[in-house]
Amino acid sequence: MGKFARSWELTKQSGRVLMSDKQLLLLPVLSSIACILVLISFAIPFAVSIDWSSLGHHAANGHREFRLQPWYYPVLFLYYFVNFFVITFFNSALIACAIRKFGGESATLSDGLGVAFSRLPQIAAWAAVAATVGMVLKAVQERAGFVGKIVIGLIGMAWTIATFFVVPVLVVEKVGPIDAVKRSVEILKKTWGETLISNVGIGAVMTLLAFAGIAMLIAGGIASAALQSPWPFVIIAVLFIVYFLALSLISTTLKGILLAATYQYAATGEVPSGFDGDTLRSAFRLKGEK
């Protein structure tokens with residue numbers, strides 16, 4: 001079985017786990033609501049209190065140039081920290097639920113949230129590290145030229161890949177952020193990119209389904225034009241928004257389940273309940289092995 005075929009099979013197995021416990025979808029919902037509230041809590045005070053006329057100054061050529069205010073980076077860091085904290089907290093709850101379910105234990109929302117609450121120090125420490133790295137990359141990128149922006153983008157991608165397994169490590173192994181990154185890299189080497197390919201596969205499937213929704217939206221526009229009424233388009237547009245949000249939540253949940261399953265097998269050698277042992281074993285074949 002090829003890598004992409006195997007990744008598709010792992011995706012289907014993740015889907016079966018989700019179908020057996022649909023309440024797992026509620027954790028991404030709670031995460032999304034919390035992230036929106038965080039954004040609003042920063043955006044509204046910023047928009048209301050700022051003196052927009054003082055943001056810029058006139059350059060010698062008479063044009064208005066904009067410069068960052070002293071409070072920009074501290075506030076941005078705080079936003080990054082809170083946002084990373086919220087995302088990591090709910091992802092930890094999802095990972096905890098999945099791992100408990102793999103072991104045949106209770107996997108209610110309260111169980112997952114309870115585990116996440118018990119890991120608050122590790123989650124906060126990781127959020128601080130992630131926010132710091134994000135701030136540094138953003139600050140350097142804003143001052144870099146075209147080539148520099150590409151280089152910083154590649155560094156950011158490498159960081160994202162290296163920290164791929166950080167959340168399950170925080171949940172299960174209860175280590176600090178630096179040790180979690182080291183452990184994530186160690187596990188990633190064992191998977192030889194299988195989890196990354198599987199997540200790309202999940203994203204590709206969801207993209208195709210999204211295009212199907214866009215086709216329906218276009219059909220609604222054509223129907224509105226033909227009937228000379230806005231209602232067909234409006235109705236389909238509302239349904240499309242609901243459909244798109246549902247796809248996003250399903251995609252996030254499937255990725256969390258697959259991440260938990262891959263971590264468990266890579267870390268312990270135990271086949272998670274709901275997954276096929278042969279598929280996982282072939283996914284973790286050593287480099288150079290036929």
Side-chain angles (χ1 to χ4, degrees), residues 1-36 38-40 83 86-87 90-91 94-95 98 149-150 153-154 156-161 163-165 167 188 191-262 274-276 279-280 283:
M1 185 183 296
K3 278 184 174 292
F4 286 97
R6 185 166 55 240
S7 298
W8 171 239
E9 186 59 34
L10 289 173
T11 300
K12 290 193 295 183
Q13 292 169 20
S14 301
R16 287 195 287 269
V17 173
L18 175 57
M19 290 301 293
S20 70
D21 192 356
K22 300 180 186 65
Q23 70 169 345
L24 294 177
L25 287 167
L26 293 177
L27 288 167
V29 171
L30 294 174
S31 179
S32 299
I33 293 173
C35 286
I36 291 172
V38 169
L39 178 61
I40 292 173
N83 202 52
V86 167
I87 293 172
F90 285 103
N91 282 349
L94 175 58
I95 295 293
K149 291 182 186 298
I150 295 177
L154 293 175
M157 184 182 301
W159 170 254
T160 299
I161 293 173
T163 58
F164 199 79
F165 284 100
V167 175
L188 190 66
T191 68
W192 297 111
E194 193 71 32
T195 305
L196 299 177
I197 294 174
S198 298
N199 273 270
V200 170
I202 293 174
V205 171
M206 294 302 163
T207 299
L208 289 175
L209 292 175
F211 277 125
I214 292 173
M216 291 298 297
L217 192 63
I218 294 173
I222 295 173
S224 285
L227 298 173
Q228 296 184 339
S229 169
W231 289 112
F233 179 77
V234 170
I235 293 172
I236 292 179
V238 171
L239 293 176
F240 172 76
I241 293 173
V242 174
Y243 174 74
F244 184 82
L245 291 175
L247 284 181
S248 178
L249 293 174
I250 292 171
S251 175
T252 300
T253 309
L254 287 178
K255 288 178 180 179
I257 293 171
L258 182 57
L259 178 61
T262 310
F275 284 80
D276 177 67
T279 305
L280 281 171

*Considering non-hydrogen atoms only, spot the tightest contact between Ile87 and Cys35 and give its length.*
CG1-SG, 3.6 Å
Below 3.5 Å, can you tabulate the donor-acceptor pairs from side chains in residues 209-236 to any protein atom, sequence neighbours excluded?
from   : atom 1 : to     : atom 2 : distance (Å)
Ser224 : OG     : Gly220 : O      : 3.2
Ser224 : OG     : Ser229 : O      : 3.0
Ser224 : OG     : Phe233 : N      : 2.8
Ser229 : OG     : Trp231 : N      : 3.3

_For a 4.5 angstrom cut-off between non-hydrogen side-chain atoms, does Arg16 reach Met19?_
no
*Atom CD1 of Ile95 and atom CZ of Phe90: how far apart are they, to the nearest 0.5 Å?*
14.5 Å
*Shortest non-hydrogen contact between Thr253 and Pro28, atoms and distance*: OG1-CG, 3.2 Å
*asked:* I need the minimum non-hydrogen distance between Val86 and Ser31, along with the two atoms involved.
replied: CG1-O, 4.1 Å
*asked:* Which residues pass the side chain to side chain contact (heavy atoms under 4.5 Å, CB included) test with Leu39, not counting sequence neighbours?
replied: Tyr79
*Nearest 0.5 Å please: distance from the CG atom of Leu254 over to the OG1 atom of Thr11.*
7.5 Å
_Give me the atom names and distance for the closest heavy-atom approach of Thr262 to Phe165._
CG2-CZ, 3.9 Å
*Can you establish whether the number of heavy atoms outside Tyr243 located under 6.0 Å from its atom OH is more than 12?*
yes
_CA sep, side-chain torsions, deciding dist, call: Ile241, Leu245, side chain to side chain contact (heavy atoms under 4.5 Å, CB included)_ = CA-CA 6 Å; Ile241 293 173; Leu245 291 175; 4.1 Å; yes
*Return yes if some donor-acceptor pair links the side-chain N/O of Thr163 with the main-chain N/O of Trp159 below 3.5 Å, else return no.*
yes
*Could you give the distance from CG (Leu24) to NZ (Lys22), rounded to the nearest 0.5 Å?*
10.5 Å
*asked:* If the condition is side chain to side chain donor-acceptor pair (under 3.5 Å), which residues does Lys149 pass it with, not counting sequence neighbours?
replied: none
*Can you tell me how far CD1 of Ile257 sits from CD of Gln13, rounded to the nearest 0.5 angstrom?*
12.0 Å
*CG/Leu18 to CG/Leu25 distance, rounded to the nearest 0.5 angstrom?*
4.5 Å
*Calculate, to the nearest 0.5 Å, the distance between atoms CG and CG belonging to Leu94 and Leu30 respectively.*
11.0 Å
